[in-house]
Amino acid sequence: MSSPDHAVRVPTLHRMRSRGSLVVLGLVGALVTGCTAGAAPTRTPGDAVTQAEAEILARLLERNHEEGGADFVVTAPYREGVVLTLTGEVDFRDDVGRAQALTTFGDGREDDVRTLFFTPDTVWTGDVPGLREALAATDEPDAEYMSRPMTTADDVNGPLLTDVLLGIVLGLSAPSADEAESFLGEDYTWRGQRSIDSRLASLFGIRGERTVAVAAADDLLLQFVTPLHDDAFDATITLSDHGPRTVEVPTEAETAEAADHPEIAAALGV
């Protein structure tokens, strides 16, 4: 069985720098209404972020950490007619998550569906067709998942697209706030308001052609959109139902390491 289409390497992606900084991730956004007392000022798309807004923006990732976690949906239409969708939940405090990875094809091929657990260092892949049969003759015949290191820009061929997306999800949290002054200047602009999953949000443009949306009701981060692979496509990460999460990764008994079975891992696209 060949590797699924979403398990492609993205060598042109810049290395994701250290987590825990809204500035590093390039995320900037804030409320227009609710930032100041009295009526909201008249805004024009393209206006710079105000000081009051910057103070809210500086706490976006810290707020995610305080909330504890969230549900998420990531969409990445990385090839013509092919879309990778990750749907799951993340524990921001313990840096762990799980997701269903669904790849849909526009040419009539059957969808590829897998279950993922992930930390900053490791990815576990389950629901892999043929895995049980392939492991039957090994010393780990009962394993339901294969684990491997999270790929990074330091790898020879660069990071896997899936890992880049999972890394962005884990990076949407920080134990402390950023400096509000970091969000002032021409690189950060207000883009208006719209509804995201029936929630009113303010949109902001940031350097690198990224956008961020912040909920009008509670100042929480709702959505982050970023171009990937030399601007070939946009990845959209949407958060919802913020609150504590507990995610337990597969046990050793449930796991076979890809490094111990490289031929099986390569054949099954793990």
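Computed from a predicted structure; not experimentally measured.
Put simply, the side chain of Val247 reaches to within 4.5 Å of the side chain of Glu89, judged on heavy atoms. Contact annotation: the side chain of His261 approaches that of Met146 to within less than 4.5 Å [non-hydrogen atoms, C-beta and beyond]. Within the 4.5 Å cutoff, the side chain of Pro45 has no heavy atoms near those of the Arg191 side chain. With contacts defined as side-chain heavy-atom distances shorter than 4.5 Å, the pair Arg199/Ser240 qualifies. The closest side-chain heavy-atom distance from Val90 to Leu170 is below 4.5 Å. Residues Thr87 and Phe72 fail the side-chain proximity criterion, which asks for heavy atoms closer than 4.5 Å. Contact annotation: the side chain of Leu239 approaches that of Leu172 to within less than 4.5 Å [non-hydrogen atoms, C-beta and beyond]. Between Val214 and Leu60, the closest side-chain pair of non-hydrogen atoms falls below 4.5 Å.
Side-chain atoms of Glu55 never come within 3.5 Å of backbone atoms of Ala52 as a donor-acceptor pair (strictly under, hydrogens ignored). With hydrogens and angles ignored, the 3.5 Å screen pairs no side-chain donor or acceptor of Asp94 with any backbone N or O of Val96. Using modelled atom types, one side-chain atom of Asp107 and one backbone atom of Arg109 make a donor-acceptor pair closer than 3.5 Å. Proximity of a side-chain donor or acceptor of Glu254 to a complementary backbone N or O of Thr251 within less than 3.5 Å is detected. Listed for the Asp230 side chain is no donor-acceptor partner under 3.5 Å among the backbone atoms of Ala232. In this structure, the side chain of Asp163 does not engage the main chain of Leu160 through any donor-acceptor pair within 3.5 Å. Side-chain N or O atoms of Ser195 include none that pairs as donor or acceptor with a backbone N or O of Leu200 at under 3.5 Å. In terms of modelled atom types and a separation under 3.5 Å, the side chain of Thr44 and the main chain of Asp47 share no donor-acceptor contact. Between the side chain of Arg63 and the backbone N or O of Ser173, no donor-acceptor pair lies under 3.5 Å.
Under the 3.5 Å distance criterion, with hydrogens and angles disregarded, a donor-acceptor pair is assigned to the side chains of Thr238 and Gln223. Judged purely by distance below 3.5 Å, without hydrogens or angles, the side chains of Arg210 and Thr226 pair a donor atom with an acceptor atom. Using a 3.5 Å distance cut-off with no hydrogens or angles, the side chains of Glu252 and Thr255 do not pair a donor with an acceptor. Under 3.5 Å, the side chains of Thr115 and Asp127 contain a donor-acceptor pair of N or O atoms.
Residues Ile168 and Phe117 do not share a hydrophobic cluster, clusters being chains of Ile/Leu/Val/Met/Phe/Trp/Tyr side chains in contact below 4.5 Å. Under the 4.5 Å side-chain heavy-atom criterion for ILVMFWY residues, no single connected hydrophobic cluster contains both Leu86 and Val249. Note on Leu165: it clusters hydrophobically with Tyr78, by side-chain heavy-atom contacts below 4.5 Å among ILVMFWY residues. Note on Phe224: it clusters hydrophobically with Leu228, by side-chain heavy-atom contacts below 4.5 Å among ILVMFWY residues. Follow the hydrophobic side-chain contacts under 4.5 Å out from Val128 and you never reach Tyr145; the two are in separate clusters.
Atoms OG1 and CZ, on Thr75 and Phe233 in that order, are 10.5 Å from each other to the nearest 0.5 Å. To the nearest 0.5 angstrom, Leu222 atom CG is 13.0 Å from Ile237 atom CD1. Here the CD-CZ distance, from Glu248 to Arg98, works out to 8.5 Å after rounding to the nearest 0.5 Å. In this structure, Arg79 CZ and His229 NE2 are separated by 8.5 Å, a value rounded to the nearest 0.5 Å. Here the CD-CG distance, from Glu62 to Leu221, works out to 13.5 Å after rounding to the nearest 0.5 Å. Interatomic distance, Leu102 CG to Leu84 CG, rounded to the nearest 0.5 Å: 8.0 Å.
The two residues Asp218 and Ala215 have their closest heavy-atom pair at OD1-CB, 3.1 Å. Contact detail for Leu135 and Ala256: the closest heavy-atom pair is CD1-CB, 4.1 Å. Nearest heavy atom pair, residue Phe105 against residue Asp112, reads CE1-N, 4.1 Å. Taking all atoms of both residues into account, the shortest heavy-atom contact from Phe183 to Ala54 is CD1-O, 3.6 Å. Listed here is the closest heavy atom pair of Pro227 and Gly208: CG-O, 3.3 Å. When all heavy atoms are compared, the tightest approach of Ser202 to Gln193 is OG-NE2, 3.2 Å.
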Full working for side-chain hydrogen bond (donor to acceptor under 3.5 Å, both in side chains) between Asp95 and Thr119: CA-CA 6 Å; Asp95 285 341; Thr119 69; over 6 Å; no
side-chain contact (heavy atoms from CB on, under 4.5 Å) for Thr85 and Thr104? Distances and angles first, verdict last. CA-CA 8 Å; Thr85 303; Thr104 56; 5.7 Å; no
Working for side-chain contact (heavy atoms from CB on, under 4.5 Å), residues Glu144 and Arg132: CA-CA 7 Å; Glu144 300 178 14; Arg132 273 294 184 92; 3.6 Å; yes
Are Leu268 and Leu131 close enough, and set up right, to give a side-chain contact (heavy atoms from CB on, under 4.5 Å), and what steps lead you there? CA-CA 7 Å; Leu268 299 181; Leu131 179 60; 3.9 Å; yes
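Screening Thr162, Val164, Asp121, Val123 against Met150 for a side chain to side chain contact (heavy atoms under 4.5 Å, CB included) leaves a single residue, Val123.
For Arg93 and Glu66, the salt-bridge test fails: no basic side-chain N is under 4.0 Å from an acidic carboxylate O. Of the charged side-chain nitrogens involved, at least one lies within less than 4.0 Å of a carboxylate oxygen, so that Arg245 and Asp71 count as a salt-bridged pair.
Glu209 CD: 12 or fewer foreign heavy atoms inside a 6.0 Å radius.
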